[in-house]
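Below is one structure, written out as structure tokens; comments come after it.
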Amino acid sequence: MTAAKPLCLIAAGGTGGHMFPAQSLAEVLLAQGWRVKLSTDERGARYAGAFPPEVVREVVSSATTARGGLAGKLGAPFKIAAGIMAARRAFRADRPAVVVGFGGYPTIPAMAAAVSMGIPRMIHEQNGVMGRVNALFAPRANRVACGTWPTALPPRVTGIHTGNPVRRAVLDMAGAPYTPPSDEGALNLLVIGGSQGARVLSDVVPEAIAGLPDDIRARLKVSHQARAEDAARVTAAYVAAGITAEVQPFFDDVPRRLAECQLVVSRSGASSVADIAVIGRPAILIPYAAATGDHQTANARALAEAGAAIVLPESVLDAESLRRDIRAILTEGARAGQMAAAALSLGRPDAAERLAELVTELTR
């Protein structure tokens, strides 16, 4: 009789930052002969469409006491407790060999059930500052994998640097040859802001670009990802400056645009930083000032220290400073090439495989 395939239960919160690396791990584990279940909330389920069809989705009851009105905060502990009891029942019916949490409040039921039932468990922290839920479970986890290095960890917790798994579309562009900026030819600039706080990029980037020297502006091709409510005014600003630009709320081909660009201006979310490093491109990073624990500044640190990126905090960001840095990179081809190589040296295209190895270790 053939032994049943081992089950890995992946728990992830309802944002792309949690779900994309969870998806990458699921794909690798399935290829290695595992069964995989995904535990998330209703919001996370909306990000699960790209997961392989073999992954069983389980929508759990969870909540946070940090947001919502008084009734929501008072009811949150009861909702979380119900989720934990449901997870325990599910684990008794089909016991996971390993539970892996990627952070976010929807991971609480599965991780708490794993702790209470003695099931091997691991967490993966994407950011350079550990999120609240991961910090809660880190001392109780058998392995703590870190996407950003170094990561600020709770006392007496040891992390293992695996890197942040990236999407297949990014892996397909990994290490794509870089064309440094020169005195001739197009200069491709990619502007990506993420879903939070991107308005500042829409306010500052077009003004910065409009003031560049004529010989640079004439060759610029800008791809600018802007919020839907900002797209019209951003487009108008580029038109007024005579800049060739494509402005969209969402680009479904960011990896290709990243591979083709000479420079990327970006927030420093964990996924964006991982993509930039795996493909290997010079960057100007503008950390989201309101990020919990200032984790986007921590995410940018390794690229900055390696000389792969310039970091412009929002506190000093203006059109003049951004223009200065864009011009410096686009007029110094040797420097831009060195930045691209430095970024690529930090990439971890095998991050999902590294995570899968840790999962397998926990079953031995």
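Quick caveat: nothing in here was measured; it's all calculated off a predicted structure. Note that the numbering runs from 1 along the sequence shown for the chain. Values below: all heavy atoms of this structure, side chains included; hydrogens, waters and symmetry mates excluded.
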Task: Exam field: side chain R281 to backbone L258, donor-acceptor pair closer than 3.5 Å - done: yes
TODO: Before giving the answer on side chain to side chain contact (heavy atoms under 4.5 Å, CB included), spell out for M130 and V157 the whole-Å C-alpha distance, their side-chain angles and the decisive distance to 0.1 Å.
DONE: CA-CA 11 Å; M130 185 163 276; V157 171; 5.6 Å; no
Task: Side-chain touch D275/R167, heavy atoms, less than 4.5 angstrom - done: yes
Open item on the list: Would the distance check show the side chain of S272 and the main-chain N or O of S268 forming a donor-acceptor pair, the cut-off being under 3.5 Å?
Closed with: no
- [ ] Inspect the surroundings of CZ in R92 and state if more than 12 heavy atoms from other residues, nucleotides or ligands are less than 6.0 Å away.
- [x] yes
Task: Under 3.5 Å donor-acceptor, E246 side chain and S223 backbone - done: no
Task: Ionic contact status for D203 with R233, cut-off 4.0 Å - done: yes
Task: Side-chain touch L7/F91, heavy atoms, less than 4.5 angstrom - done: no
Task: G185 backbone acceptor or donor facing R219 side chain under 3.5 Å - done: yes
TODO: Please tell me if the side chains of Q32 and T360 come closer than 4.5 Å, counting only heavy atoms from C-beta onward.
DONE: yes
TODO: Answer with yes or no whether the hydrophobic clustering places L263 together with L344; edges join I, L, V, M, F, W, Y residues whose side-chain heavy atoms lie under 4.5 Å apart.
DONE: no
- [ ] Name the orientation class of the two ring planes belonging to H124 and F102 (parallel below 30°, tilted from 30 to 60°, perpendicular beyond 60°).
- [x] tilted
Open item on the list: Main chain of G128, side chain of N299: is a donor-acceptor contact present, judged purely on distance under 3.5 Å?
Closed with: yes
TODO: Flag yes if more than 12 heavy atoms outside E361 fall under 6.0 Å of its CD atom; otherwise flag no.
DONE: yes
Task: E207 side chain vs A319 backbone, donor-acceptor pair below 3.5 Å - done: no
Task: Non-neighbouring partners of Y178 that pass side chain to side chain donor-acceptor pair (under 3.5 Å), sequence neighbours left out - done: none
Open item on the list: I need the single residue from L355, V144, L358 that forms a side chain to side chain contact (heavy atoms under 4.5 Å, CB included) with I160. Which is it?
Closed with: L358
Task: Note, V36 side chain near F51 side chain (heavy atom, < 4.5 Å) - done: no
TODO: For the pair E320 and R324, find out whether any cationic side-chain nitrogen is under 4.0 Å from an anionic carboxylate oxygen.
DONE: no
Open item on the list: Has T40 got a side-chain atom pairing as donor or acceptor with A12's backbone, closer than 3.5 angstrom?
Closed with: yes
Open item on the list: Are I108 and F137 packed together at the side-chain level, in the sense that at least one heavy-atom pair is separated by less than 4.5 angstrom?
Closed with: yes
Open item on the list: If I compare all heavy atoms of P21 with all of P165, which pair ends up nearest, and what's the gap?
Closed with: CB-CD, 3.7 Å
Task: Salt-bridge present (D214, R217; N to O < 4.0 Å) - done: yes
Open item on the list: Tell me if the CZ atom of R256 is crowded by more than 12 foreign heavy atoms within 6.0 Å.
Closed with: yes
TODO: Kindly work out whether a path of hydrophobic side-chain contacts (I/L/V/M/F/W/Y, heavy atoms less than 4.5 Å apart) joins L330 to V204.
DONE: yes
Open item on the list: What I want to check is whether the side chains of Y288 and H295 have a donor and an acceptor closer together than 3.5 Å.
Closed with: no
Task: Residue pair L285 / I276, side-chain heavy-atom distance below 4.5 Å - done: yes
Task: E229 vs R199 side-chain heavy atoms within contact, under 4.5 Å - done: yes
Task: Donor on one side chain, acceptor on other, N164 and Q126, under 3.5 Å - done: no
Task: Under 3.5 Å side-chain donor-acceptor pair for R354 and H161 - done: no
- [ ] Check whether NZ of the Lys or CZ of the Arg R257 lies under 6.0 Å from the centre of the six-membered ring of F251 and within 45 degrees of that ring's axis.
- [x] yes
Open item on the list: Please check this pair: side chain of E125 against backbone of G131, looking for a donor-acceptor N/O pair closer than 3.5 Å.
Closed with: yes
Open item on the list: Can a donor-acceptor pair be found, under 3.5 Å and without considering hydrogens, that links the side chain of T235 to the backbone of A231?
Closed with: yes
TODO: Determine whether E314 and P287 make a side-chain contact, defined as any pair of heavy atoms from C-beta on separated by less than 4.5 Å.
DONE: no
- [ ] Take T162 and R348 through the test side chain to side chain donor-acceptor pair (under 3.5 Å) and record every step on the way to the result.
- [x] CA-CA 8 Å; T162 59; R348 289 289 179 98; over 6 Å; no
Open item on the list: One pair to check against side chain to side chain donor-acceptor pair (under 3.5 Å): D294 and T297. What are the steps and the verdict?
Closed with: CA-CA 6 Å; D294 196 23; T297 296; 2.9 Å; yes
- [ ] May I ask you to check whether over 12 heavy atoms, not counting those of D215, lie within 6.0 Å of atom CG?
- [x] yes
Open item on the list: Has R57 got a side-chain atom pairing as donor or acceptor with A48's backbone, closer than 3.5 angstrom?
Closed with: yes
